[in-house]
Amino acid sequence: MKRICAALVGNPNSGKTTLFNNLTGSRHYVGNRPGVTVEKKEGLVKAAGKYGYEVTLVDLPGIYSLSPYSPEEVVTREYILFDKPDVVINIVDATNMERNLYLSMQLIEMEVPMVVALNMMDESRKRGDVIDVSGLSRALNVRFVPISAKTGEGIDDLLKAVFDTVKFHRAVMPEGVYKASVKDLIWKVERLVWKQAIVKNVSSKWASIKLLEGDGLVRETLDLSEETIRRIDRISQVYDMESIIAGCRYGFIEKVVSGAVVRKDNGQATSGKIDRIVANKYLAIPIFLLVMFCVFFLTFGQVGIFMQDCVNVFIKYLGIVTETGLKKLGVQELIIDLIINGVLAGVGGVLSFLPQIAILFFLISIIEDTGYMARIAFIMDKLLGKIGLSGKAFIPMLMGFGCTVSACLATRTIEDRKGRQMTIMLLPFMSCSAKLPIYGFLAQCFFKESRVWVIFSLYVLGILLMIISGVMFKNTLFKGSDTPFVMELPPYRVPILKNALRHVWERVEHFLKKAATLIFVMSIAVWFLQSFNFKLQYVESSESIISVAGKAISVIFKPLGFGSWQASVALLSGLAAKEAVVSTLNMLYGGVHVFKTPLEAYSFLVFTLLYVPCMAAFSTMKKELGDNKLALLSAMWQTFIAYVVSFLVYLVGKLVLT
Ligand code: GDP
Ligand code: MG
């Protein structure tokens with residue numbers, strides 16, 4: 001009777017416990033959620049006797065990979081490394097192969113004797129998948145045995161494979177996982193650590209890969225000298241080795257799986273049918289515009305307006321109650337003015353747009369969750385490609401509708417420097433959510449019935465000018481930069497409400513914080529500047545400090561149709577935060593009524609859409625561009641475009657309307 005020890009390793013929910021129970025006959029709890037098995041459990045394999053073996057089976061906690069990120073992963077890895085089981089049974093969920101094989105790849109890299117139990121074969125067959133099991137075995141250099149832990153199918157074959165492996169086999173890394181440049185680095189590290197690896201009895205190749213990934217545990221295990229560690233760091237710090245290595249593994253797995261598995265997909269098939277319409281060459285853009293229009297209709301149409309009115313009524317009521325309360329208390333007139341006409345008018349005016357922001361982002365995240373956004377990114381990739389951007393630019397662009405600052409940071413995923421800089425310079429054209437209150441505010445005042453169209457037109461105008469600017473940049477500043485873009489299209493799914501709500505909350509929280517800090521301070525500052533003159537006398541706003549400044553620059557805007565000092569002041573305050581445009585207009589005497597016609601208001605809207613972004617966005621752009629000249633150029637370009645387009649809008653509007 002030979003005694004051996006076998007360790008069961010696999011992803012959570014791959015059926016480990018079920019297999020363990022099947023083999024040992026014990027009744028451990030089988031759960032359908034990750035992380036049910038917390039400690040390792042041992043049992044004797046019943047059927048081993050007839051082959052002349054006594055097998056102790058150890059059920060290790062379910063893990064996704066072997067990098068020591070979670071306690072479960074550490075337990076499992078240390079067990080494999082130091083307790084050295086005679087064989088590892090790696091259980092793989094055949095219906096979820098790509099994800100499961102990532103762990104297998106790492107086990108194979110450890111070059112421990114192992115067998116892969118390809119579980120859930122019953123399920124896989126039911127789905128109509130066809131798996132070339134021996135093809136998988138050849139590609140990965142380990143035995144794959146198809147089983148079903150639930151029905152017991154293939155269990156005997158699995159045992160036989162286990163005994164064979166113990167006798168003859170030691171896993172050897174398959175060729176072709178790592179590209180030559182990475183292999184070179186692995187080899188360099190291996191030369192530094194192979195002696196220590198022999199001393200500690202671990203595979204030196206595996207240790208080298210782990211060290212390149214920056215694995216601290218392996219460092220400790222191997223007892224490396226300071227000098228060696230420094231040299232390894234020097235090798236690995238050049239690139240982001242962790243993701244490069246992960247990328248190689250995933251790439252290899254993808255290749256192997258696509259060669260050995262033919263899926264008869266259910267979700268995929270319907271997705272394909274939907275895509276034939278939605279991603280159609282001619283229909284894609286019109287459908288996208290239609291979807292976006294529906295989003296705008298819900299946001300700015302009756303639903304949004306109703307919710308906004310509720311908030312407005314509340315704010316008005318709050319104002320009346322506060323004012324009478326303060327008067328009763330005998331508070332100074334000036335202070336009351338500050339609170340009511342400064343803070344409440346400023347912050348309140350902006351806050352009333354909270355419902356619309358919430359609706360907009362709720363709808364966008366619902367659309368994202370269905371998988372439709374990925375299609376749009378795919379379609380946009382072609383379009384973006386025409387102006388020399390990769391599809392990777394799409395996500396930052398999309399985020400630009402939220403906030404230019406975070407969109408700027410999101411461009412870090414674009415490796416190509418020129419492409420990244422160009423994307424950053426185009427971001428201000430995506431109308432950020434801080435501008436939404438401005439659109440809402442003026443559109444309601446001047447366009448009533450057609451407001452949704454007006455706001456929609458602004459967003460579209462922004463995108464069009466982004467494309468035009470992109471073409472110009474591509475042919476001047478950023479000649480000849482190209483990055484290919486590979487994207488996986490997920491199948492369509494029913495969106496999850498919780499995801500959408502979390503997304504909305506992030507936006508709302510950001511908005512509230514900004515209202516409570518920046519907008520609050522701005523409101524007080526603007527109130528102060530519009531309440532006093534230079535001699536610090538309390539005056540009408542038309543004689544205040546701010547009006548002097550406003551009057552000085554208002555001439556510039558005369559040709560654009562909004563030459564009043566109030567409009568100029570509002571634009572100036574918008575440099576701090578775009579929402580401030582609304583709070584300022586709300587506060588100033590005459591405020592919104594300074595626009596005499598809808599055309600003047602529209603020209604003003606176009607200007608706010610296009611002119612320089614707020615200071616926070618600009619300084620982030622400057623930092624991420626890493627080039628002050630480009631940042632300056634971008635600001636000048638925005639101002640120029642804003643001026644020219646507003647002028648044209650006003651001019652053409654005048655000609656058409658009279
Ligand atoms: P563990 O987390 O890896 O221990 O996985 P479990 O053994 O708890 O199994 C997770 C789920 O998969 C349970 O609902 C099992 O009933 C189910 N399951 C396990 N093996 C099979 C199998 O071969 N076929 C099918 N159809 N289901 C299985
Ligand atoms: Mg379990």
Side-chain angles (χ1 to χ4, degrees), residues 5-47 55-67 69-77 79-80 85 87-107 114-133 136-137 142-162 257 260-261 263-267:
C5 173
L8 203 50
V9 181
N11 280 189
N13 253 4
S14 55
K16 265 187 305 91
T17 307
T18 312
L19 180 61
F20 183 88
N21 291 347
N22 194 312
L23 286 171
T24 61
S26 68
R27 293 265 157 268
H28 278 295
Y29 177 68
V30 179
N32 191 16
R33 66 192 158 87
V36 168
T37 313
V38 189
E39 285 171 348
K40 48 183 203 275
K41 298 197 173 64
E42 296 189 5
L44 287 176
V45 175
K46 277 184 307 181
V55 181
T56 312
L57 189 64
V58 182
D59 183 18
L60 292 168
I63 52 177
Y64 288 109
S65 91
L66 282 180
S67 330
Y69 290 135
S70 71
E72 287 85 0
E73 291 179 12
V74 175
V75 167
T76 301
R77 190 163 105 180
Y79 185 82
I80 296 173
V87 59
V88 169
I89 302 174
N90 172 213
I91 181 162
V92 163
D93 176 355
T95 64
N96 221 328
M97 202 119 59
E98 280 89 348
R99 199 190 69 201
N100 279 240
L101 286 180
Y102 190 70
L103 174 64
S104 312
M105 276 308 301
Q106 297 190 60
L107 291 167
M114 69 183 269
V115 175
V116 175
L118 197 56
N119 192 31
M120 313 256 182
M121 282 307 283
D122 54 328
E123 183 68 32
S124 159
R125 224 170 291 132
K126 223 189 291 167
R127 291 187 183 191
D129 297 350
V130 180
I131 301 177
D132 173 10
V133 179
L136 286 173
S137 304
V142 290
R143 275 278 283 283
F144 275 66
V145 184
I147 66 161
S148 166
K150 205 164 158 188
T151 64
E153 166 199 339
I155 299 288
D156 265 337
D157 293 333
L158 178 65
L159 282 180
K160 277 183 221 151
V162 164
V257 171
V261 180
R263 287 209 177 91
K264 188 177 147 204
D265 34 22
N266 316 315

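Just follow the structure's listing: the first ligand is 1, and inside any ligand the first atom is 1. The chain is numbered in sequence order, starting from 1. All of these numbers come straight from a predicted model, not from anything done at the bench.
L136 has its side chain out of reach of V116: every pair of non-hydrogen atoms, C-beta onward, lies at least 4.5 Å apart. Here the side chains of I80 and V9 are in contact, with some heavy-atom distance below 4.5 Å. Residues V261 and V130 form no side-chain contact, since every pair of their non-hydrogen atoms from C-beta on lies 4.5 Å or further apart. You'll find the side chain of V55 stays beyond 4.5 Å of the side chain of L23, heavy atoms only. Counting heavy atoms from C-beta on, the side chains of I131 and M97 come closer than 4.5 Å.
Compare M121, E123, M120, E153 by their heavy atoms: the one nearest to atom 12 (O) of ligand 1 is in M120.
Considering backbone and side-chain atoms together, P12 places no N or O closer than 3.5 Å to any N or O of ligand 1. For I147, no nitrogen or oxygen atom sits less than 3.5 Å from a nitrogen or oxygen atom of ligand 1, counting backbone and side chain alike.
The proximity of N13 to ligand 1, defined as any non-hydrogen pair under 4.0 Å, involves the side chain as well as the backbone. Only the side chain of D122 comes within 4.0 Å of ligand 1, counting heavy atoms alone; its backbone N, CA, C and O stay farther away.
Checking L8, I91, L60 one by one against F20, the side-chain contact (heavy atoms from CB on, under 4.5 Å) holds for a single residue, L8. Under the side-chain contact (heavy atoms from CB on, under 4.5 Å) test applied with L159, the options V115, V145, V45 reduce to a single match, V45.
With ligand atoms numbered from 1 in the order given, ligand 1 contributes 22 (C), 23 (O), 24 (N) to contacts under 4.0 Å with heavy atoms of S148. Each of the following atoms of ligand 1 lies closer than 4.0 Å to a heavy atom of K16: 1 (P), 3 (O), 4 (O), 5 (O), 7 (O). Every atom of ligand 1 with a heavy atom of N119 under 4.0 Å away is listed here by number and element: 20 (N), 21 (C), 22 (C), 23 (O).
Residue-ligand proximity: N11 is placed with a non-hydrogen atom under 4.0 Å from ligand 1. At least one heavy atom of S14 sits closer than 4.0 Å to an atom of ligand 1.
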